[in-house]
Amino acid sequence: METIQQIRCGSVNCFLVQSGRAAILVDTGRAAYREKVLRACRAREEVSVRLIVLTHGHIDHVQNAAFLAQELCVPIAMHREDAPLLADNRRQPLSSNGLLGRLMLSATNRSFQKDKIPPFSADFYLRNGDLLFRYGVNAQVITLPGHTRGSIGVLVGGHSLIAGDTMMNLPYPRPSLLYNNRMMMLRSVERIRGLEPQAVYFGHGRPARYKTKQE
């Protein structure tokens with residue numbers, strides 16, 4: 001039985017997905033929180049993190065990837081489309097929606113300009129439908145392009161989705177206020193709804209639980 005632990009890193013969330021003694025880490029947060037994320041990964045000696053999955057290439061989700069991969073001795077995986085963002089987040093320009101979105105976009109662009117991602121490259125690339133059983137967890141990769149070209153989600157146990165930034169819970173669950181391609185993102189949101197997840201875990205904001213048709 002998989003469990004999902006949210007690790008709050010300021011305004012950004014990382015997630016530890018655990019099944020028995022195996023775990024994967026989804027996203028890594030900013031540098032200021034790297035020790036907090038590392039402590040969460042090492043909180044139980046009998047649990048071994050076996051993989052870092054990055055939902056997309058933005059700095060607030062990947063800045064600790066190189067550090068954590070070295071400390072935990074694990075590979076890093078992401079979608080190939082977002083690999084260029086590791087060198088410069090501005091390679092996929094963002095647009096915004098609404099007043100809150102414009103405020104977020106201004107802060108995000110300032111960060112893209114001044115903050116740096118410690119160099120690393122993915123050990124392998126993920127595709128839609130990839131299963132993560134070999135890393136000890138019942139989870140599947142779902143491609144969700146739009147926020148970035150290579151945005152992905154992780155469907156855990158067939159019922160809970162880690163959505164990255166395709167959706168945000170600010171101040172309620174909705175499509176991301178920032179996007180590289182709005183129409184693609186809205187189609188990805190529809191895909192999430194079509195999966196009928198019991199719970200959605202957002203890169204920003206609290207998780208949300210939903211009733212399924214069976215309930």
Side-chain angles (χ1 to χ4, degrees), residues 1-7 12-29 37 41 47-58 60-66 68-70 72-86 91-92 117 120-167 176 179-181 184-203 207:
M1 181 70 175
E2 282 70 25
T3 62
I4 302 175
Q5 176 189 345
Q6 177 178 293
I7 308 169
V12 182
N13 299 316
C14 309
F15 300 96
L16 195 63
V17 181
Q18 182 182 334
S19 179
R21 296 186 176 184
I24 64 171
L25 176 66
V26 181
D27 290 336
T28 68
V37 180
C41 291
V47 176
S48 172
V49 175
R50 300 181 180 179
L51 176 68
I52 294 171
V53 173
L54 303 176
T55 61
H56 61 291
H58 284 160
D60 52 339
H61 292 257
V62 309
Q63 196 172 28
N64 292 325
L68 292 169
Q70 180 175 354
L72 298 170
C73 299
V74 297
I76 301 169
M78 64 187 299
H79 196 281
R80 184 183 299 272
E81 287 282 356
D82 272 15
L85 294 180
L86 302 181
R91 291 185 176 180
Q92 293 183 28
I117 298 173
F120 75 93
S121 57
D123 294 284
F124 62 94
Y125 294 113
L126 297 167
R127 297 179 295 180
N128 186 61
D130 281 351
L131 301 176
L132 302 180
F133 287 114
R134 64 179 295 185
Y135 299 97
V137 298
N138 177 14
Q140 183 178 14
V141 175
I142 307 294
T143 51
L144 299 170
H147 177 69
T148 64
R149 296 171 195 162
S151 288
I152 62 171
V154 180
L155 185 64
V156 179
H159 53 72
S160 297
L161 182 75
I162 300 173
D165 281 3
T166 300
M167 298 182 68
S176 179
Y179 41 81
N180 175 255
N181 185 311
M184 288 180 65
M185 183 187 69
L186 293 178
R187 286 196 291 268
S188 291
V189 171
E190 286 304 310
R191 185 176 190 195
I192 290 173
R193 291 170 177 160
L195 292 170
E196 297 185 355
Q198 296 176 12
V200 177
Y201 294 79
F202 307 93

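Numbering of residues begins at 1 and proceeds along the displayed sequence.
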ask   = For the residue pair His56 and His147, does the interplanar ring angle fall in the parallel (under 30°), tilted (30 to 60°) or perpendicular (over 60°) class?
value =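 Correct class here is perpendicular.
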ask   = Testing Ile52, Ile117, Thr55 for side chain to side chain contact (heavy atoms under 4.5 Å, CB included) with Val62, which one passes?
value =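 Option passing the side chain to side chain contact (heavy atoms under 4.5 Å, CB included) with Val62: Ile117.
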Would you compute the distance between atom [atom1] of [X] and atom [atom2] of [Y] and round it to the nearest 0.5 angstrom?
X	Y	atom1	atom2	result
Leu144	Met185	CG	CE	11.5 Å
Tyr135	Arg50	OH	CZ	11.0 Å
Asn128	Gln140	CG	CD	7.0 Å
Phe124	Leu51	CZ	CG	4.5 Å
Ser19	Phe133	OG	CZ	9.5 Å
Thr166	Ile152	OG1	CD1	9.5 Å

Are [X] and [Y] side-chain neighbours, meaning at least one heavy-atom pair lies under 4.5 Å?
X	Y	result
Val17	Leu132	no
Tyr125	Met78	yes
Leu85	His58	yes
Asp123	Ile76	yes

Is it the case that the side chain of [X] and the backbone of [Y] share a donor-acceptor pair, with hydrogens and angles ignored and the cut-off at 3.5 Å?
X	Y	answer
Gln63	Ala65	no
Gln198	His159	no
His79	Glu81	yes
Gln18	Val47	no
Asn64	Thr28	yes

request  = Identify the heavy atoms of Ala199 and Tyr201 that sit nearest to each other, and give their distance.
outcome  =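 So the minimum-distance heavy-atom pair works out to CB-CE1, 3.9 Å.
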inquiry  = For a quick test of reading the model, state the closest non-hydrogen atom pair linking Val37 to Cys14 and the distance between them.
reply    =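 Shortest heavy-atom contact: CG2-SG, 4.3 Å.
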inquiry  = Any salt bridge linking Arg187 with Glu190? Criterion: basic side-chain nitrogen under 4.0 Å from a carboxylate oxygen.
reply    =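 Looking at Glu190 together with Arg187, the answer is no, because their closest N to O distance does not fall below 4.0 Å.
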query = Considering the options Asp82, Asn13, Thr148, Asp27, which one meets the side-chain hydrogen bond (donor to acceptor under 3.5 Å, both in side chains) requirement together with His61?
reply =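 The passing option is Asp27.
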task = Could you check Met167 against Val189 for side chain to side chain contact (heavy atoms under 4.5 Å, CB included), going step by step and ending with a plain yes or no?
result = CA-CA 7 Å; Met167 298 182 68; Val189 171; 3.9 Å; yes
